[in-house]
Engineer: 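I am attaching a structure below and will ask some questions about it afterwards.
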Amino acid sequence: MTRPAEELADRLRDHGLRATTTRVAVLRAVGELHGHPDTDTIAGRVRQTLGTISTQAVYDGLHAMTRVGLLRRIEPAGSPARYETRVGDNHHHVVCRACGAAQDIDCVVGTAPCLEPDQSAGFAIDEAEVTFWGLCPACQATATAAAG
């Protein structure tokens with residue numbers, strides 16, 4: 001869903017950030033791209049909108065929005081950092097071992113942190129990040145066709 005630039009700018013300001021053209025474009029790109037886009041994918045979309053922009057400017061925008069909780073950064077093993085606009089709830093992710101596709105999975109247990117370790121080493125734990133691994137439907141079909 002495409003949101004108007006002013007609505008995106010208001011969201012940035014509501015989180016204490018200046019609503020620069022770059023930040024609005026980065027926030028729009030993350031919201032429009034599916035499957036938890038990485039920085040290169042986000043930068044490509046922003047360039048389609050704004051023309052020339054440095055990758056560092058995109059990184060800076062992503063970092064600022066992640067810091068204030070407007071975006072969430074996930075880092076599946078063996079994959080570059082990815083971003084999403086779904087924040088503030090207790091959800092997890094499923095990642096394809098073959099192609100790296102990532103999707104949200106709602107937590108079946110409930111509220112954060114949803115898992116309690118046997119030992120906390122004195123930490124006040126407020127979140128458990130769970131990543132499920134497997135093969136997406138497209139990679140399953142490819143594997144089945146190759147085996148058959």
Engineer: Out of curiosity, Leu50 CG to Arg45 CZ, how far, rounded to the nearest 0.5 Å?
Structural biologist: 12.0 Å
Engineer: Side chains of Leu33 and Thr41: does their closest heavy-atom pair fall under 4.5 Å?
Structural biologist: yes
Engineer: Are the ring centres of His36 and His34 closer than 6.0 Å?
Structural biologist: no
Engineer: Any side chain to side chain donor-acceptor pair (under 3.5 Å) involving residues 59-68? Give me the pairs, sequence neighbours left out, ordered by first then second residue.
Structural biologist: Gln56-Asp60
Engineer: Heavy-atom distance under 4.5 Å between the side chains of Thr22 and Val26, does that happen here?
Structural biologist: yes
Engineer: Does the side chain of His93 come under 3.5 Å of the side chain of Glu129 through a donor N or O and an acceptor N or O?
Structural biologist: no
Engineer: Please examine the side chains of His92 and Cys107, heavy atoms only from C-beta on, and report whether any two atoms are closer than 4.5 Å.
Structural biologist: yes
Engineer: Quick check for you: to the nearest 0.5 Å, what is the distance between Tyr83 atom OH and Leu71 atom CG?
Structural biologist: 8.5 Å
Engineer: Would you compute the distance between atom CG of Leu27 and atom OG1 of Thr85 and round it to the nearest 0.5 angstrom?
Structural biologist: 7.5 Å
Engineer: Considering residues at least two apart in sequence or located in another chain, which fulfil the ring pair (Phe, Tyr, Trp, His ring centres under 6.0 Å) criterion with His15?
Structural biologist: none
Engineer: Same hydrophobic cluster for Ile74 and Val94, using side-chain heavy-atom links shorter than 4.5 Å among ILVMFWY?
Structural biologist: no
Engineer: Kindly indicate whether the side chain of Leu17, heavy atoms from C-beta on, has any atom under 4.5 Å from the side chain of Arg23.
Structural biologist: yes
Engineer: Walk me through whether Thr55 and Arg47 qualify under side chain to side chain donor-acceptor pair (under 3.5 Å).
Structural biologist: CA-CA 10 Å; Thr55 302; Arg47 286 185 186 106; 2.9 Å; yes
Engineer: Return all side-chain donor-acceptor pairs below 3.5 angstrom for residues 131-140, not counting sequence neighbours, or 'none' if the list is empty.
Structural biologist:
unit_1: Gln140; atom_1: NE2; unit_2: Leu135; atom_2: O; d: 2.8

Engineer: Please collect all salt bridge (charged side-chain N to carboxylate O under 4.0 Å, His left out) contacts where either partner lies in residues 92-104, sequence neighbours excluded, each pair once.
Structural biologist: Arg86-Asp104
Engineer: Considering only NZ, NE, NH1 and NH2 on the basic side and carboxylate oxygens on the acidic side, decide whether Glu7 and Arg11 come within less than 4.0 Å.
Structural biologist: no
Engineer: When you group the ILVMFWY residues by side-chain heavy-atom contacts below 4.5 Å and let the links chain together, are Val30 and Val95 in the same group?
Structural biologist: no
Engineer: Should the pair Arg82-Glu75 be classified as a salt bridge under the 4.0 Å nitrogen-to-oxygen rule?
Structural biologist: no
Engineer: Taking the side chain as everything from C-beta on, heavy atoms only, tell me whether Leu12 gets closer than 4.5 Å to Met65.
Structural biologist: yes
Engineer: Residues two or more places apart in sequence or in another chain: which of them pass side chain to side chain contact (heavy atoms under 4.5 Å, CB included) with Glu6?
Structural biologist: Ala9, Asp10, Arg13
Engineer: Could you work out, with side chain to side chain donor-acceptor pair (under 3.5 Å) as the rule, every residue matching Thr39, not counting sequence neighbours?
Structural biologist: none
Engineer: If Ile, Leu, Val, Met, Phe, Trp and Tyr residues are connected whenever their side-chain heavy atoms lie under 4.5 Å apart, and connections chain through other members, are Leu62 and Val87 in the same group?
Structural biologist: no
